[in-house]
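Source: prediction; values computed, not measured. Letters A, B, ... mirror the listed sequences (proteins, then strands); counts begin at 1.
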2 protein chains.
Amino acid sequence: MVTINDIAQQAGVAKSTVSRYLNGGSVSQKTKDKLDTLVAETGYRPNTFAQSLKAKKTAIIGTIIPRLDSYSANEALISIDKGLREKNFQLLITNTNQDVKREIESIYSLASQKVAGILLFATVVTEAHKKAIADVAIPVILLGQQAGGLYSIVHDEYDAGFKIGKYATDLGHKNFLYLTVLKADVAVGQMRKKGVLDALSESKETTIELVETSFTFEEAYEQIIHLLPDVTASYIICATDNIALAVLKAAHQLKISIPNVFSVSGFGGYQITTVVSPTITTVKYAYQELGEIAVENLLLLLEGLPVPKKTILKNKLIESESTKRLN
Amino acid sequence: MVTINDIAQQAGVAKSTVSRYLNGGSVSQKTKDKLDTLVAETGYRPNTFAQSLKAKKTAIIGTIIPRLDSYSANEALISIDKGLREKNFQLLITNTNQDVKREIESIYSLASQKVAGILLFATVVTEAHKKAIADVAIPVILLGQQAGGLYSIVHDEYDAGFKIGKYATDLGHKNFLYLTVLKADVAVGQMRKKGVLDALSESKETTIELVETSFTFEEAYEQIIHLLPDVTASYIICATDNIALAVLKAAHQLKISIPNVFSVSGFGGYQITTVVSPTITTVKYAYQELGEIAVENLLLLLEGLPVPKKTILKNKLIESESTKRLN
DNA sequence: CAATTAAAAAGAACCGGTTCCAAAAAGCAG
DNA sequence: CTGCTTTTTGGAACCGGTTCTTTTTAATTG
């Protein structure tokens, strides 16, 4: 690989001159011409390590995502990528495969790679997270989860849950099955659920059964196909669209008609909810906006400017074919 | 940020001693203990830039993907990520947003970041690609597309197309609509199509109309919803599962019953084809295997070992509910 | 206990850039 | 043509690690 020294030597100038040339400093027309051709010929590109080593910083933003096939993370990543590109930052994506330990590792690992900032799609926020974030002296913004004292951008999970609960009881439903995810997930497992429960409790004589399932489609499907025949509820509230899809498939497999036997709704507003039949009632989250604000805030932090500790994003109920009025 | 010099100074030893300690060289128990606590206290982590600068290489593999929400790329990325992690390599993902110019840029950019190797999910392979790959003296493997002289791992596109064509004519279909993508895409736009056409030509009195559409669901849907009412064919061959999904949605919107009015099939074997109703007949590609082989071959190349220039992956026809026998 | 050997630590050079400062070259006015 | 200013260039130091060589310290042995 050709280095700045090679270029300097071939041009018969000092490497400091080449460096100045590369960075738009004052060089004579003569040496400029000489270096122009030399750089073009050799295809020379500065070693970014050497640059970053000297500069003590990079133009790289690290993102930590739980899964590579997460719809919500991908949607947000698209706008993050776009936003960063406009500001000449590079995006580094790290996958943790939903392993909390790897989330922590990734924070440290990104820090030793001297990324300028970190966007963390956390599943849970433990003390280890807080310690890691404090240890690495790098701006970190949590996405989709919140924790006291840390910068975070979150969806209004409680409101989303409440909207669904209200909507379902307004349709006249009384008996519910709620397919949730592990409680440790504060945003989905707790806030969202609390919204649902609060809304249901405003209506008379409602019952709700809680069953914990998985984020992944396959695991959820396996569980649901066994569970579905015994469901007596008239409305299944799924904690994510993925779970709702699993219910739909299981129902189709078991020849259970939706929404006639029971109504189903999800959370997320994944595009796929509009593609399947029946289309799924859901709450659409502002993933794209999440990404935009994440980039905006992170870049402000990098400049040392003040940024709100917590941003809450609005969502929207999308009424669709998978739910039915009872009264 | 704490550096090796800080550690050395606080421990009262030379930085070379600290380096030796960190890399498992011989150090006395006394200094070992001292450094143990010091490193733990300060949370010291070596600056990877400085390390890579000296080592003149990294343990990072760069991947270039056309879209962040590409199912096929994501499926492959999952196994790539897994494979690399096992070998202690890090994965760096670069998105090009389907911009060929950015594909080329990314190759150079990854090179100046001194990645050990590059996995390129190319959409097309131009001369500029070949030049870039030659310029950067780094192993590059093309995924999903092929080009003379370059390492590549591809799906058997021709065979996939032929399978669908054979299957459809066996069902008794004669009149086809083929929704394809831009011709510049050799793998999908040409090879796959050729397989279909060859299979159809083996059957008597078949007609086929070709219409070019987009890789993205939304664009394809917009086009198809206008086109569908006038379709006279009995079978719509979609060049990707995404397009097939768009046809399904448009049909549902227009109250056209599939497979009764016409049959529909895709290519890819996306999970979602098994979730929708009707489930979609498709050819399932070995994305996971693609990722595994990609990692395996790239690591062999890094060791200077011989690797086949071209690997062709098998695929499998998945017969499903979206297609119907005519005879 | 001195001589020999092994283990541990220190010191310097290097990786490939950037930046600061001093030196050289060029330009300009009197 | 001289002296002064401005522009261009060269040299050295530095970023934070690793590695090689040399020196110091500790252990072993006759």
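- Summarising the geometry, the separation between CD on B/Gln29 and P on C/dA9 is reported as 11 Å, rounded to the nearest angstrom.
- We find that NZ of B/Lys32 is positioned 12 Å from P of C/dA9, with the value rounded to whole Å.
- Salt bridge annotation for B/Glu86-B/Lys82: present, with a cationic side-chain nitrogen under 4.0 angstrom from a carboxylate oxygen.
- Protein chain B touches strand DNA chain D; the 5'-most and 3'-most nucleotides with an atom under 4.0 angstrom of its non-hydrogen atoms are D/dG16 to D/dT19.
- Among the protein residues, A/Ser28 comes within range of the sugar-phosphate backbone only, with heavy atoms under 4.0 Å from sugar or phosphate atoms but none that close to a base.
- Rounded to 10 degrees, the angle between the two end axes of the helix from C/dC1-D/dG30 to C/dG30-D/dC1 is 40°, with five pairs used at each end.
- Atom C1' of nucleotide C/dT19 and atom CG of A/Leu53 are separated by 14 Å, given to the nearest angstrom.
- Distance, B/Asn5 CG to C/dA12 P: 14 Å, rounded to whole Å.
- The shortest side-chain heavy-atom distance between A/Asn47 and A/Thr3 does not fall under the 4.5 Å cut-off.
- The residues B/Arg102 and B/Glu105 are annotated as not salt-bridged, no charged nitrogen and carboxylate oxygen being separated by less than 4.0 angstrom.
- Environment of NZ in B/Lys57: sparse, with no more than 12 heavy atoms of neighbouring residues, nucleotides or ligands closer than 6.0 Å.
- Distance A/Tyr21 OH to C/dT18 P: 13 Å, rounded to the nearest Å.
- If you check every strand for non-hydrogen atoms under 4.0 Å, A/Lys54 touches a base.
- Contact check for A/Leu92 versus A/Gln113: side-chain heavy atoms found under the 4.5 Å cut-off.
- A donor N or O paired with an acceptor N or O is not found under 3.5 Å between the base of C/dA8 and the side-chain atoms of B/Ser26.
- Toward the 5′ end of DNA chain C lies the nearest nucleotide of B/Thr31, the other residue of the pair A/Gln51 and B/Thr31 mapping further downstream.
- For the pair B/Ile133 and B/Tyr151, the minimum side-chain heavy-atom distance is 4.5 Å or more.
- For A/Gln145 (side chain) and A/Ala187 (main-chain N/O), a donor-acceptor pair under 3.5 Å exists by modelled atom type.
- As judged by a 4.0 angstrom heavy-atom cut-off over every strand, B/Thr3 is placed among residues touching the sugar-phosphate backbone only.
- Each of B/Val27 and A/Arg45 has a nearest nucleotide on DNA chain C; the 5'-most of these lies closest to B/Val27.
- Atom CG of A/Asn23 and atom C1' of C/dC20 are 14 Å apart (whole Å).
- Side-chain contact, A/Asp33 with A/Gln29: a donor N or O sits under 3.5 Å from an acceptor N or O.
- Listed by first and then second residue, the salt bridge (Lys or Arg N to Asp or Glu O under 4.0 Å) pairs that reach into residues 36-49 of chain B are B/Lys32-B/Asp36, sequence neighbours excluded.
- Residue side chain B/Arg20 does not reach the base of C/dA8 through any donor-acceptor N/O pair under 3.5 Å, judged by distance alone.
- OP1 or OP2 of C/dA10 sits under 4.0 Å from a side-chain N or O of B/Thr17.
- Counting non-hydrogen atoms under 4.0 angstrom, A/Val18 reaches nothing in the nucleic acid.
- Rounded to whole Å, atom P of C/dT19 lies 12 Å from atom CG of A/Leu22.
- Under the 30°/60° scheme for interplanar angles, the aromatic rings of B/Tyr71 and B/Tyr287 are found to stand perpendicular.
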